[in-house]
Amino acid sequence: MTTDDPAWSQTAYEIEAEGKSVRVESDEQILVPWPFEPLRSRERVAVRVRVASGEKWSTWSEPATVEVALLKPEDWTARFISPVGIGRWEDPAPILAQTFSLRSDVTNARLYITAHGLYHATINGMPAGDELLAPGWTAYQHRLQYQTYDVTHLLHEGQNELDVLLGNGWYRGRISWRAVYGDRLALLAQLEVTYSDGSKESFSTGHDWSARNSNVLANDLYDGQRMDLRKRSEDAHPVEVLEEDLGRLVAPEGPPVRATEYLPARRVWRSPSGKTLVDFGQNIAGWVRISVDGVEGQQVTVRHAEILEHGELATRFLVTAEATDTYILPDGISHLEPNFTYHGFRYAEITGIDDLSIEDVQAVVVGSDLRRTGWFECSDPDLTKFHENVVWSARSNLLHVPTDCAHRSERLGWTGDIQIFSPAAASILDVAGFLSSWLTDLAAEQYPDGLVPYIVPDVGGVTVSAAAGWSDAATIIPWVLYQRYGDLDVLRRQYESMRSWVDRAASLTTDGVWAGGFQFGDWLDPTAPPDAPYDVRANPDVIATAYLIRSADIMAEAARLLGHDEDVTKYLKLADETRTAFARHYVTPAGRVLSDVPTVYALALEWKLLPTAHQRERAGARLADLVRSSGFRISTGFIGTPLITDALCTAGRPDLAYRLMLEKGCPSWLYPVTMGATASWERWDAIRPDGSLNPNKYTSFNLYALGAVTDWVHRTVAGITPTAPGYREFTVKPIPHRDLTSAKAVRHTPFGEISVSWSCNNGRFYLHAVVPVGSRATVELPDGSRASVGHGSYRWTVRVPPEPQRPVRTIRDVIDDPDLWADTIARFAAEGLGDDPATFARQLTRYLEFPAEELIWRIREEAHAVPEPKTPQARVSARVRSNRNVEPMMD
């Protein structure tokens, strides 16, 4: 709904379907109940809606057609069929086919189809739809998606042919360490045709179908596809009808995988070894499409990689994935691309074409066709680029399931990765249906005792125990979806899964805390050795107990919303008792948290784990010191990274959060941007400052997890924070920073588009905000003024409060002053002591409370340059004496 009338407020709505209408007195705008009798399988209705503000009604909307698919197993006449004599792993991919005759007056035709494996369906040589890698990846033993296609336009009078090519995919491919679903490909297809007189015909998979070999000689998601495009004649083979449970069949909740973009080649050149290389300028998931005028028998091979090493494809990061597509050509023009594989890559090596032109090749971007819903830009081009890199990583790895990477022989739904990234994902893409579908698999794969697998679908066989932060995807992701989309039904559907997990975690406690056992912990802490990402500094028991509290809090709130009063009491008590135990075991009276690293303080501050105001104050101060001592370089892994900037803001130091966010040295969020990254990295130092690549082969240059801070960027830099489910209420509270002169974010919410943009100029702060109909915003400006506004477009101009004039008395104060600290580093460099701020910050860790006058000789002492000066006068800085920026710091 859009309106310029500020007094407009919805009081009722009316829904019309098939000549019936229902009026409801309500201000609800999203996810309202269907007011008519439930629709039946195959039923189609046209739906219109209008809304009222008092006695004033809107016009009727344009009608939307709703069509129901097949809801019950009895709706299927088709049966699963599998080829006989062909279709084994070592055989070419099989084609299952049927010919049928039709009258001339077809008015409607639907193809309902799925497979064990992947399928590509054509009718009379034309694709049935634009979906790729269908039917997608679910926990096949529990749920198998089927698709519905409108194929009316593909049919004609007389003989028609339906051909379905089957590939290995996730069902029979080399997934993870083994294939777990089955060794036999199968097809289920049902074509239903309606004629003008209302009569119907159905053509379903059964004994009357036939099978033949295709020109796809081999196919695998990891290894690639091999095709012989020369025309060949194949004998027909029979099919066998299989007894399968049709009760597993479900319609998709999220959008399908499609080709979402086509990228032209940026450069074609020869590598040092003489190979033809192509750079597409962007790290993606997908494949290469080539146009070539070939000679019969000519072989073209395409290899893929995310990065180059020594001028050649860096294939060691593929681990065991071949990532190679091969084509044997016929005479004439061919358009080469696979259909049963995908690759993570920016670069391709193409052999077999001597005169490859840049116009002959492009990259096909493939992924779940998720609607973009969030945009961000600011005056710092590196921060803007970082945000776009995170979007690319999300697009590359949200492919049927939330995978950890797109390139190597491990493209799995790791629960920890998506748990930390889900708020950011919901800030930039419409992931409601995508993640709710995946959560259904999570619940289906959950162990009877409540244990949540490390990966979903659970094909790895690696889950050995509960893992905090990974298993907590069961509670945190449903809560994120409820908050961002206002869908209470997600909590209702996942409630038993959530409760089962929290009860399991609670059963693992001793004296109130979760201690001992395997944990991933603060995975990929930058201090961890390259070959031991689990060897981190944050105490795993602290992390595990903190996550138990977080999940218990969510569980209590979900129980309250759903009316489970006994559970509210139960989980509030669990959260309170575990908080008490957390403080008893892990927190000192002075607010120190066990292991004393940024991640544990971020958890403690953001999840309210510290009982007293004094402990909270001291923990915030300690976190700030740890960030200073790191030289504002990142010192958190998977667990701490999404929370640390928020924790610094909670501690009253948004200036330090910004310095951490905008830092460009290694490791930092913006460091990859300075190294030419086009997606977010798995490891903070995937490329070292000297240009060498990380030695660990399990390194991805396109993984979204560490981009989780994007959500903070939207909430704090742009200033858009939801405060009621679905953004029905939200705050607009951008926190400006001296290094940014402007920022803008746009967010498509269930209620409509939110837009916030701000700029600073000549001591004034200018804010423009757009609030959609049905939402309400609380606006908080930098001068302390506030406003509560309904829908509309608003502008404010206020004076920017001057930066607080903090006296420079201690070494901590010097580090906190960006200009003073920069001048100090320049002085160190001039003296030959080095120019790395992080090194100096670490050396000063023990001296932060010392007088600022001692800073230079403390650094010299650390560098073993000179002994301590004899007199205070020799240590006095002219700049520090004035407490402000006057002269460069001198002895």
Side-chain angles (χ1 to χ4, degrees), residues 139 142 414-416 418-420 422 435-436 438-458 462-483 488-521 540-586 603 607-609 639:
H142 303 289
W414 284 95
T415 51
I418 191 59
Q419 181 270 123
I420 64 170
S422 54
L435 287 180
S436 64
W438 181 79
L439 285 170
T440 304
D441 282 328
L442 182 148
E445 299 271 40
Q446 202 165 352
Y447 289 66
D449 64 358
L451 175 65
V452 176
Y454 305 154
I455 57 176
V456 173
D458 185 15
V462 297
T463 301
V464 295
S465 64
W470 274 248
S471 298
D472 292 280
T475 54
I476 291 174
I477 296 177
W479 187 245
V480 169
L481 295 184
Y482 168 66
Q483 289 180 310
L488 188 61
D489 192 53
V490 171
L491 297 181
R492 186 175 292 110
R493 290 167 49 192
Q494 295 300 128
Y495 189 80
E496 289 305 319
S497 168
M498 298 166 69
R499 180 164 61 180
S500 178
W501 160 242
V502 176
D503 289 349
R504 170 64 172 164
S507 74
L508 301 173
T509 59
T510 302
D511 194 21
V513 296
W514 181 359
F518 170 80
Q519 295 288 349
F520 288 103
D541 297 343
V542 173
I543 292 173
T545 305
Y547 263 99
L548 173 56
I549 296 167
R550 175 62 174 157
S551 284
D553 282 339
I554 289 173
M555 198 67 233
E557 186 61 19
R560 184 188 65 79
L561 290 166
L562 297 173
H564 301 303
D565 295 338
E566 290 185 5
D567 281 351
V568 173
T569 302
K570 172 183 175 180
Y571 292 108
L572 282 177
K573 180 181 178 184
L574 173 63
D576 289 345
E577 291 178 348
T578 311
R579 271 190 173 85
T580 300
F582 181 94
R584 183 173 68 251
H585 282 267
Y586 304 137
L603 292 168
W607 293 348
K608 299 177 175 57
L609 308 182
I639 298 300

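The structure displayed is predicted, hence computed values, not measured ones. Both backbone and side-chain heavy atoms feed into the values below; hydrogens, waters and symmetry mates do not.
Between the D441 side chain and the P457 main chain, no donor and acceptor come within less than 3.5 Å of each other. Counting only distance, with no hydrogens or angles, the side chain of H585 and the backbone of D541 share no donor-acceptor pair below 3.5 Å. With Q446 contributing its side chain and S497 its backbone, the two residues share a donor-acceptor pair below 3.5 Å. Remark: side-chain polar atoms of W438 are paired, donor with acceptor, to backbone N or O of V456 under 3.5 angstrom.
Between K608 and D553 there is no salt bridge, since no side-chain N of the basic residue sits under 4.0 Å from a carboxylate O of the acidic one. By the 4.0 Å N-to-carboxylate-O rule, R550 lies too far from D472 to be salt-bridged with it. Using a 4.0 Å cut-off between charged side-chain N and carboxylate O, D489 and R492 make a salt bridge.
Considering only heavy atoms from C-beta on, R499 comes within 4.5 Å of D567 through its side chain.
Of the inter-residue distances, the one linking L442 atom CG with T415 atom OG1 reads 7.0 Å to the nearest 0.5 angstrom.
Of the candidates I477, V490, L488, L488 is the only one forming a side chain to side chain contact (heavy atoms under 4.5 Å, CB included) with Y482.
Taking the six-membered ring where tryptophan is involved, the planes of F520 and W414 are perpendicular, since the angle between them exceeds 60° and thus also 30°. Classified by interplanar angle (parallel below 30°, tilted 30° to 60°, perpendicular above 60°), the ring pair W607/Y547 is perpendicular.
Taking the side-chain hydrogen bond (donor to acceptor under 3.5 Å, both in side chains) definition, one finds that T545 meets it with nothing, sequence neighbours left out.
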